[in-house]
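Worksheet: one structure, shown below.
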Amino acid sequence: MAMIRRRLYIDERMSRLAVWSLRTAVFAFPVTFIGAMLYATETLDFRTAAYTVLAGVGVSVVALLLAFAGFVVIWNEGLKGLGRVLGAAALALVLIMPTATIAALGIGKRALPDVTTDTQDPPEFVTLGAVRSRASNGLAYPGEVLAERQLDIYPGIKPLSFDAPPEEIYRAMLSLVTRHKWLVVDAVPPRGERDGRIEAVARSLPFGLRDDLVVRVRRTAGGARVDIRSVARNGDRDFGSNARRVDQLLSEIADQQGRPRRQ
């Protein structure tokens, strides 16, 4: 009988807020994780996955508020449950911080989801244009408005020309794309007057968001010209990843081939 009374006394001294804060945080974890994983495996489209992740983050915020309230009660009344409160707060913050980081990165950044070296005749997607879902961003180039915005933000992104034959430049570009471990969807070597084309899917931070990439190698009178285009698969913000990718590839092929001519 004394043992039962002792057990009831311990239960009464445990903070209910501490218990529910941990339960809420534990519930939020699979919701957020499942949303992110289903998008990563392309089971869910971006919008549905984003809503699922945001739902999990919302539950995490509730868990964090409960943990804070529980801490105040424990501090004032001397109840048990400090470990649960700290565990709930830590788990909630693990789920909240990535989303908060994305929001912070997006503040003040101008939307530029489509970056290309040739705004007048941008490289075209052929294979990726046929296999992307309808929920993805369109691949038709927006035109002068976006071209002027790109010139203002990234004036240095321009095509490169080389004295080497297009077949050599094409192989070099394919090697670079493969080295970055981007998923090559289509690779068409140049032949005669036909342009060489490489289409690939790249992952960008944060959360491994997908961007679509196309490289065009065109024969010129003196050798070959390289044009690159990188487009965000979803949303209107790429956090600068497309421009960084295009600039990186241009720098790498320039270092490899030496003395390119900018257009």
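This structure is a prediction, so every number in the text was calculated from the model and none was measured.
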Between Val184 and Thr178 the two heavy atoms that sit nearest each other are CG2-OG1, 4.4 Å
Sequence neighbours excluded, the answer for side chain to side chain contact (heavy atoms under 4.5 Å, CB included) partners of Ala90 is none
(request) Answer yes or no: is there a donor N or O on one side and an acceptor on the other, between the side chain of Glu199 and the main chain of Leu213, under 3.5 Å? (result) no
Hits for side chain to side chain contact (heavy atoms under 4.5 Å, CB included) against Arg219, two or more places apart or cross-chain, chain-then-number order -> Pro166, Glu167, Glu193
In this structure, CD of Gln256 is separated from CE of Met173 (nearest 0.5 Å) by 9.0 Å
Arg194 meets the side chain to side chain contact (heavy atoms under 4.5 Å, CB included) criterion, sequence neighbours left out, with Val188, Pro189, Arg191
Contacts of Asp227 meeting side chain to side chain contact (heavy atoms under 4.5 Å, CB included) (sequence neighbours excluded), chain-then-number -> Thr117, Asp118, Pro123, Pro159, Arg216, Arg225
query = Within the distance-only criterion (no hydrogens, no angle test), does the side chain of Gln150 pair as donor or acceptor with the backbone N or O of Leu112 below 3.5 angstrom?
reply = no
* Is the closest side-chain heavy-atom distance between Leu146 and Asp114 below 4.5 Å? -> yes
**Request:** Give a yes or no on whether Leu151 and Ile228 share a hydrophobic cluster (residues Ile, Leu, Val, Met, Phe, Trp, Tyr; joining criterion: side-chain heavy atoms under 4.5 Å apart).
**Result:** no
For Trp182, the ring-ring contact (aromatic ring centres under 6.0 Å, His included) test, sequence neighbours excluded, returns His180
For Phe33, the ring-ring contact (aromatic ring centres under 6.0 Å, His included) test, sequence neighbours excluded, returns Phe29
For Leu95 and Ala25, the nearest pair of non-hydrogen atoms, with its separation, is CD1-O, 4.4 Å
Would you give me the side-chain donor-acceptor pairs under 3.5 Å for residues 59-76, sequence neighbours excluded?
residue	atom	partner	partner atom	Å
Ser60	OG	Gly56	O	2.9
Asn76	ND2	Val72	O	3.2

Smallest heavy-atom separation, Val177 atom then Ala200 atom, equals CG1-CB, 3.9 Å
key: Val57-Val31 co-clustered via ILVMFWY side chain contacts under 4.5 Å   = no
Here the salt bridge (charged side-chain N to carboxylate O under 4.0 Å, His left out) pairs for residues 170-184, sequence neighbours left out, are none
Closest heavy-atom pair, Arg197 versus Tyr170, reported as atoms and distance to 0.1 Å, is O-CE1, 4.0 Å
Only residue of Val246, Val214, Asn242, Val215 satisfying side-chain contact (heavy atoms from CB on, under 4.5 Å) with Arg229 is Val214
CD (Glu252) and OG (Ser175) are apart, to the nearest 0.5 Å, by 10.0 Å
Residues passing the side-chain hydrogen bond (donor to acceptor under 3.5 Å, both in side chains) test with Thr127, sequence neighbours excluded, are Asp186
When rounded to the nearest 0.5 Å, the distance separating CG of Leu128 from CZ of Arg210 is 11.5 Å
**Report entry** Residue pair Asp211, Arg233: steps toward the salt bridge (charged side-chain N to carboxylate O under 4.0 Å, His left out) verdict
**Finding:** CA-CA 5 Å; Asp211 297 328; Arg233 177 76 64 91; over 6 Å; no
For Gly223, does its backbone N or O pair with a side-chain atom of Thr220 as donor and acceptor, under 3.5 Å? yes
